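Everything numeric in this text was worked out from a predicted model, so none of it was measured. Just so you know, ligand 1 is whichever comes first in the structure, and atom 1 is the first atom listed for that ligand.
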Amino acid sequence: MVSAGEPPLIELRAIRKRYGGKDKPEVEVLHGIDLAIRAGEFIAIVGTSGSGKSTLMHLLGCLDRPSSGSYRFAGEDVSTFGADELAWLRRKAFGFVFQGYHLIATESARENVEVPAIYAGLPQDERARRAISLLGRLGLSDKLDNRPNQLSGGQQQRVSIARALMNGGHIILADEPTGALDFRSGAEVMALLRELADTGHTVILITHDRDVAAQARRVVEIRDGRIVADNPTDTGIHRQPDEHKPSLHSQQSSLDIAQAREDAGTPFWTGLREAIRAAWRVMWIHRVRTSLTLLGIVIGVASVIIMLAIGEGTKQQVIDQMGSLGTTVMYMSSDIPPTGGPNGVITEEDLDAIARLPEISQVMPVIGDPLLVRHGNVDKQIYVFASPYIMPVIHHWRVAQGRFFTDREDRELAPVVVLGHQIARGFFPHRPDPVGQYLLIGTAPFEVIGVMAERGAESGSQDYDEMIFIPYRAGRARVYQAQEQPDYVVMEAASIDQVQAAEAAVRVLLLERHGGREDFRIGNAAAKLKAQMETRDTMTRMLGLVAAVSLLVGGIGVMNVMLMTVKERTREIGIRMATGAREYDILNQFLIEAMLVTIVGGTVGVVLGLTVGALLIFWEVPVIFSFSVMIGAFACAVVTGLVFGYMPARTAARLDPVVALSSE
Ligand code: ADP
Ligand code: MG
């Protein structure tokens, strides 16, 4: 026992507790309680229902603060303690046993017993070992993995006693521990408490039942918020602590109140791991609800990824097309002027004048028509493309076999022809190299001098593979005799920045040459493609916005489900606080839960996005995935979880332990 000089373990002086105030009428429940409890005492506080026992117990256990009066714990004034220091006291000094057991419904017996040790920062294996040994000593070795609803009342109460002992249980605070139990289980629990008292634990038993109270060594009677009697009992005289009994009291560390201010509580990683484990458990239990909530996040993340991938893919496709067409290319053809009158004629002299413009680097007149082409006894209708020698340069095209014709051949009206890839195949299926063969175009024979490389589907202009190419002048002289001007003229600007200027210069020049009549038309492939690209960009942005909104909706879903969770689990929060969780631990737990929901949602979203994207590729939709978009969408989802989870988590952390514990 304690020497007379040492202060009592617990010393209450003139403690008053008032409820209400503000808008509710104020009631005083405790009217000046003076009570000293020494270490190792087994004391019962007895009183009728409503006399203020539970209120007193909440004050003793630092779950609540008195309205006035002083509470000294081991000589220290508890009113100077902050929330975290009170949590330390609850964690280190007290073990609560409640009438309603107050076990966490989603956790197993062993996990429930471990909870106080998590907040005390005990390593995982040590924690499990201690929980298993405590439950073993309380006769629950075979119930370690049972959930509370798989245990009888007596068993649940024993689990809660094991939990109270987990961190040492210097002071066991038992509020009506037998109240909900049948006679036999009640007797068992009382025997356990007696045993604890015998082995040095301070036991404070709260009961309305005088027979139960009589089993303690000191009985304090409370009536209407005042202590009316305080007597030792017979039991107390007869039963002295028996040091030789096999004990429940194990490795009881000394309680150094000075530590309260330094103890950091749960180490970060332990806290994180436990919070993730608990969050995962809760998510799994509510998996339907969780997956519905997740849907918003999943769709949000997946659509962001898909939309941007399609946007990027089509953009790249347009860029590729521009590359193969040449971004500097313009088209011109004669036309009926808007003011009426005959169709214009673009003459050789017009072309020469255009070619001399500094803004223009190349001019290529083109005549093309489907004509009958014959080789041996095969004849086909083929598009015959007549142009100067610069065609492969302007179209960024390569000759696969043989060569293209030269400027000189053009000027000398040489009857030579270069075949498109498909045509070479069609006319000469058994001849890998058709160079040197002859074709009859219309009535004129032409010698094959080359085969163009396959243009293919990549440029979106595969019909180029189905043409043949002859020199412009030879074409006009031998095939297109009736043609008095080119079908159209391809012009190349000197540089990309000069396309607009070149177009304007050509327009001015031709207007001048054609006597002010706009009997021609100039088209700009690059401009058209650019405009097309810009509308696609706008569309991508719009779709991205829609996706972002669905993420937001997902976030609100997370907030909703978290608010629901906090409401449903208010009592669990109270239990965690009673076993020593700090506000920070609770905040952390619920934030991590919200984040876990979004991390799972984000992951599923990324996978879904990739899957749908892969299907689109299969259907030949141009899709380019961006890693940074994936990371970005995922991060957005997690941040959404943090932002929208914060409010519910803070609500949980700020709960008053007493209110939380008494919630249904
Ligand atoms: P006991 O545990 O002895 O049955 P309690 O300590 O629970 O009694 O309650 C004592 C009195 O205080 C009761 O009259 C009860 O109505 C009142 N009381 C308890 N908690 C509150 C509260 N949060 N607000 C207002 N009154 C309360
Ligand atoms: Mg009560």
Salt-bridge contact R217-D198 (side-chain N to carboxylate O under 4.0 Å)
yes
Residues 647-660 side chain polar contacts: donor-acceptor under 3.5 Å, at least two apart:
unit_1, atom_1, unit_2, atom_2, d
T651, OG1, M647, O, 2.7
D656, OD1, V658, N, 3.1

Quick one: do the Q157 and S160 side chains pair a donor with an acceptor below 3.5 Å?
yes
Quick one about S133 and R137 (side-chain donor to acceptor, distance below 3.5 Å, no hydrogens or angles considered), yes or no?
yes
Using the rule side-chain hydrogen bond (donor to acceptor under 3.5 Å, both in side chains), only one of R582, R576, R90 pairs with Y119; which is it?
R576
Under 3.5 Å: donor-acceptor pair, side chain of N167, backbone of R91:
yes
Is the backbone of A87 close enough, under 3.5 Å, to the side chain of K92 for a donor and an acceptor to pair up by distance?
no
Pairs flagged by side chain to side chain donor-acceptor pair (under 3.5 Å) wherever residues 105-115 is involved - sequence neighbours left out
E107-R277, S108-E111, R110-E114, E111-R277, E111-R281, E114-R127
Is it true that the side chains of D77 and S79 contain a donor and an acceptor less than 3.5 Å apart?
yes
Tabulation required: pairs of a nitrogen or oxygen in ligand 1 and a protein nitrogen or oxygen under 3.5 Å; columns are atom names and distance to 0.1 Å; otherwise 'none'.
unit_1, atom_1, unit_2, atom_2, d
ligand 1, 2 (O), S54, N, 2.9
ligand 1, 2 (O), S54, OG, 2.7
ligand 1, 3 (O), S51, N, 3.3
ligand 1, 3 (O), G52, N, 3.1
ligand 1, 3 (O), K53, N, 2.8
ligand 1, 3 (O), K53, NZ, 3.0
ligand 1, 4 (O), G50, N, 2.7
ligand 1, 6 (O), S54, N, 3.4
ligand 1, 6 (O), T55, N, 2.8
ligand 1, 6 (O), T55, OG1, 2.5
ligand 1, 8 (O), G52, N, 3.4

Counting only protein N/O/S atoms, those under 2.8 Å from the Mg ion (ligand 2) total 1
